[in-house]
Amino acid sequence: MTNTGSELTVDGDGKPIWISLELTYQCPLKCVFCSNPLDFDSYREAELSTDDWKRVMREAREMGAMQIGFTGGEPTLRKDLEELVAYADELGYYTNLITSGIGLTTKRLQALKAVGLKHIQLGFQSSDENVANALAGVDCYKKKLAIAKQIKALGFPMVLNIPITRQNLPQIPAILELADQLGVEYMELANVQYYNWALVNRERLLPTQEELEWAEAEVNKFREKVEGRMTIFFVIPDYYDGRPKACMNGWGSIHLTIAPDGSALPCSQARSLDHLDFPSVREHSLQWLWEESPLFKMYRGNEWMKEPCRSCDEKEKDFGGCRCQALALTGDAANADPACSKSPHHHIIQKAIEEAKLAREIESALIVRHAGMEVAP
Amino acid sequence: MAEKHHVQMQDSYHINPVFIFRWEDSQDAHVLLYPEGIVKLNDTAAAILEFCNGEYTVAEAIDKLTSKFDGSDGDDIAKSIVKFLEASLDKHWIRINR
């Protein structure tokens, strides 16, 4: 989950108050840090229909969902996006569109505004055209900049989301200046989290601790300058924090993601837990999926925890970190997230940091997102 | 650092257009919704924000709220309203009318 800036100050009280609809995994971009599954292309034929999505939205709203994110892939590739946003607005959601901007036009933005879209989060790579295009895997910088201006011209609140890697980190001061000129209200410098495509490219993307400290100092300077008009989120990545992130505010706690094929997931990365079943909204009610399905019960609360989490006095604070990261790096999703310095597997994180340092000595090309990626067993 | 906001009696305020302030049945409370966030408000906070619609000065809001919370110390109510408005300004929930 890349929304490190999320500031959720309401306890869901057992309700899925935040719902993300991954309308499609198709995308015109080929970002090297894409968090979609490596086999994203296999979902193409299985996408939910407009009516399926509407039922999901209705059921989630009845269960207490208030925030809805339309995401992907690139959600604007769905021709029914306007219809879905209109329906969400009617149901009383705060509607968020999470987009690369490619696929948006002034006409479409106007249509989305007219049907009640409240906010747009635009993914952006850099203020430097070459770096931006290299990270996105396609030439898209100029188009993105133009659409960012259009979004503001139409009066949408905008979050500019920049996934931070060592390639764009040096441009942070220039990126902040650009965001201020564009008039964005929220700036999310989202340190890349290493899942899927980002994990494939980890040794080529991970910044050093020194670089991150420099970036944080630059961000703090800029915060003073834009106080009152821009909020900047910048969270030191879990690889360097020594403590795991409170991933999704706990498994099955407040957040529900629906994948393009209708699988209900506790977070967008949960499909990587391949020892679990992923029941779909095609066969089950959302209420059953949330309350009864083995998937959502699996890591909810703290009964499932092993040591050192079980007896840790911080378990209510970080919930043992991220299950997907625990599985991907230690082989068992119930282990403590290795980003935690108390984890017996923390050396795996330290090794990855060392490898990323060594990788700078060798110029190896970033792997852009593409169909047909060999998935390691 | 940014200067601390000082609320004046003749000022009036409105909800920052980035935020939506409304009643939410499922929470049995008023909420503020904004990009990627939700704030659940207690009754007092909501009662004060109801007056942040650009139509009431702080003095008028204090008058109305003091009579609503009949029996409480008027000075205390006025102080807590001003304090809450200053905190709301710091959080960018509300903006001053110009």
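A note on names: the letters A, B, ... follow the listed sequences, proteins ahead of strands, and every chain is numbered from 1.
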Exercise for the section: Output yes when R223(A) and E216(A) qualify as a salt bridge under the 4.0 Å nitrogen-oxygen rule, no when they do not. Expected result: no
Practice task
Decide, yes or no, whether a salt bridge links K83(B) with E86(B) under the criterion of side-chain N to carboxylate O below 4.0 Å.
Solution key: no
Problem - Value rounded to 0.5 Å, distance of CG in L122(A) from CD1 in I151(A) - result: 4.5 Å
Exercise for the section: May I ask you to name which of G69(A), G92(A), G155(A) has the most heavy-atom pairs under 4.5 Å with chain B? Expected result: G92(A)
Completion exercise
With chain B, the option among Y94(A), F156(A), Y186(A) that has the most non-hydrogen atom pairs under 4.5 Å is Y94(A)
Problem - Under 3.5 Å donor-acceptor, R22(B) side chain and L33(B) backbone - result: no
Problem - Proximal component of R61(A), with respect to chain B [non-hydrogen, under 4.5 Å] - result: side chain
